[in-house]
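Remember, it's 1-based here, ligands and their atoms both numbered in the order they're listed. If you read the sequence from its start, that first residue is 1, and numbering goes on from there.
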Amino acid sequence: MKKDSEVRVRMAPSPTGFFHLGSARTALYNWLFARHHQGKFILRVEDTDVQRSSKEMIQTILDGLTWLGLNWDEGPYFQSERLSTYQRYVQELIDKGYAYYCYCRSEDLMKEREAALRNKQSWKYDRRCLRLSAREREEKEKAHQPRAVRFLVPDHPVVFNDIVHKEIKRDAADIEDFIIMRQNGVPTYNLACVVDDYEMGITHVIRAVEHITNTPKQVLLYEALNLPKPEFAHLPLILGEDRKKLSKRHGAVSLMAYQERGFLPEAMVNFLALLGWSPGDDQEIMSLKRIIERFSLKRINPANAIFDQQKLEWMNGQYIYQMSDQELFDRLKPFFIRLKLVAQEDLEKKREWLLKICKVLKKRLKVLTDIDKVGRYFFVEDFEYDKTALEKHLNKKTIDLTEEFSLILNKISDFNARNIEDSLREFVQQKGIPARELIHPLRVFVTGKEGGPGLFETLELVGKERCLMRIKNIIKNYEEKNG
Ligand code: GLU
């Protein structure tokens, strides 16, 4: 039994497409609100559109919520399993004279609407079925003509309060008698939503602003059914940096794509939390505990939110940077395997070595898949050489120096950063050249890159044999080309 004062919110996805970032934010705000008030977060799958809903999509949503850590307290409830409940409410509306059967064919109505639009006229259902005589109705019933149910929109303005957008008023004349149950007996979104929000004891409906045009219809349904209304909060749109609604044009918009690129769920949660809400100060990196403590619907900004991909990457990088080496290693495990950097069976065997790599690369990773971009050379031999860097550093002089120094490297028995550094410093001193004249080319020859973590640690982690082999290959290629 719900307590009177208990906050109950819900996430009500339609499983008809991938799990969009916008839906993730809606889920998060509901969850944060529930956790802030120690209320309940309910999951309801709006799958009455059987044609477009799929089990895979439901699973994607459940996986996405789980990944973000948005655990639900009740559900998932499935609307497709509740059809008889909706039918009962529809019958009640018909019995009370708030709804009526409509025998019109949707194709015919569609044609009328299109014709009106072509003539730049507005079009609204003209209630012809409401005006049918008893005889006409009887004939249609006898002929088993398919019938939908329409709500009879009353003749007064609809007013409701939105926590984010304040008072919203809509003229009844602008709302047509909308269908609440289709000819196949399946309710439409507005009817099912109202019935469920009531039956599930939802106290606050927090959803995307795209639904704000549905809310007046839902308010009318609450009133006709004489049910208490929940509070409403419509979340701002999420726009791309070009100020257009966030869509595939802007790159990845499915939560899963972010997961696959190696964004961390806690960074995602932090970032999404700030996409339309702010704690009222400049704080950006916030612990989940703090976000829950501070979260309030009153601080949701009604203005559109701009999705700043770079900020997300920066934030994710900050979360990675703050991790312990062990934590980063654990998070990287699936990526090591997927990117074919380390074989599953080697993960534990190479643990100490991998931990050190985590340590030196930590501040260079914005996303976990960056491990491939910035550190592939640690793991495998098929990494790419930066051509410009190679051109810059590959010449007779650097080749001779490197070749000579490689003999010294070869003699180091304990191949650690310290010993490598000592040898190099001694070598350049004897040569009377600045250390950088060897350090820079050496790095490019061994890693293919101009930048990276400290050279001596890098060489240690690549390991003696592989360092020498790479240097040898570079020299060989150089000599082949230059005779
Ligand atoms: N099924 C709707 C959607 O996915 C839910 C809208 C609502 O929260 O009422 O957009």
Side-chain angles (χ1 to χ4, degrees), residues 7-34 39-65 68 70 72 74-83 86 89 158 160 162-165 168 178-180 182 186-222 225 227 229-238 245-247 253-255 272 276 297 300:
V7 158
R8 290 173 62 86
V9 291
R10 82 317 191 259
M11 167 68 184
S14 307
T16 53
F18 54 83
F19 195 28
H20 192 281
L21 282 180
S23 310
R25 185 200 52 180
T26 301
L28 173 63
Y29 281 24
N30 277 283
W31 184 88
L32 288 171
F33 188 68
K40 293 278 186 299
F41 175 59
I42 292 147
L43 180 57
R44 176 170 88 221
V45 179
E46 303 208 322
D47 58 348
T48 53
D49 188 344
V50 189
Q51 302 283 313
R52 291 177 59 225
S53 301
S54 77
K55 283 217 164 54
E56 290 75 45
M57 287 307 151
I58 295 173
Q59 197 52 49
T60 309
I61 294 166
L62 303 188
D63 291 347
L65 293 174
L68 289 174
L70 308 183
W72 52 96
E74 281 179 32
Y77 297 114
F78 293 92
Q79 287 193 326
S80 59
E81 292 169 6
R82 296 173 43 76
L83 296 185
Y86 309 124
Y89 282 86
V158 192
F160 68 93
D162 184 279
I163 297 173
V164 180
H165 300 270
I168 308 264
F178 52 96
I179 292 182
I180 51 176
R182 299 185 187 88
V186 175
T188 54
Y189 157 69
N190 283 312
L191 188 279
C193 181
V194 166
V195 168
D196 283 347
D197 284 342
Y198 167 67
E199 290 221 334
M200 296 173 189
I202 301 303
T203 55
H204 297 75
V205 167
I206 305 168
R207 63 182 163 210
V209 75
E210 285 94 328
H211 284 291
I212 206 163
T213 50
N214 284 315
T215 311
K217 296 179 186 169
Q218 297 184 9
V219 167
L220 290 173
L221 287 169
Y222 281 107
L225 288 163
L227 302 175
K229 287 188 279 285
E231 303 225 32
F232 295 99
H234 289 89
L235 308 178
L237 273 184
I238 304 178
K245 197 172 156 187
L246 192 67
S247 73
V253 281
S254 81
L255 187 68
L272 289 173
L297 295 178
I300 289 176

Q) Heavy-atom distance under 4.5 Å between the side chains of Cys193 and Gln218, does that happen here? A) yes

Q. For atom OH of Tyr222, is the number of surrounding heavy atoms from other residues, nucleotides or ligands below 6.0 Å larger than 12?
A. yes

Looking only at the side chains, is there a donor atom on one of [X] and [Y] sitting less than 3.5 Å from an acceptor on the other?
| X | Y | answer |
| --- | --- | --- |
| Arg82 | Thr48 | no |
| Glu46 | Tyr77 | no |
| His20 | Ser254 | no |

Q. Quick one: does ligand 1 sit under 4.0 Å from the side chain of Arg10, the backbone, both or neither, non-hydrogen atoms only?
A.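 Looking at Arg10 and ligand 1, just side chain atoms fall under 4.0 Å.
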
Q. Where does His211 meet ligand 1, judged by heavy-atom distances below 4.0 Å: at the side chain, the backbone, both, or neither?
A. side chain

Counting from 1, what ligand 1 atoms have a heavy atom of [X] closer than 4.0 Å?
| X | result |
| --- | --- |
| Tyr189 | 5 (C), 6 (C), 7 (C), 9 (O) |
| Pro13 | 4 (O) |
| Cys193 | 9 (O) |
| Glu46 | 1 (N), 2 (C), 5 (C) |

**Q.** is_close_aromatic(Tyr189, His211), centroid dist under 6.0 Å
**A.**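 Yes, close enough.
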
Q. For atom 5 (C) of ligand 1, which protein heavy atom lies nearest, and how many Å away is it?
A.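 Its nearest protein heavy-atom neighbour is Ala12 O, 3.1 Å.
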
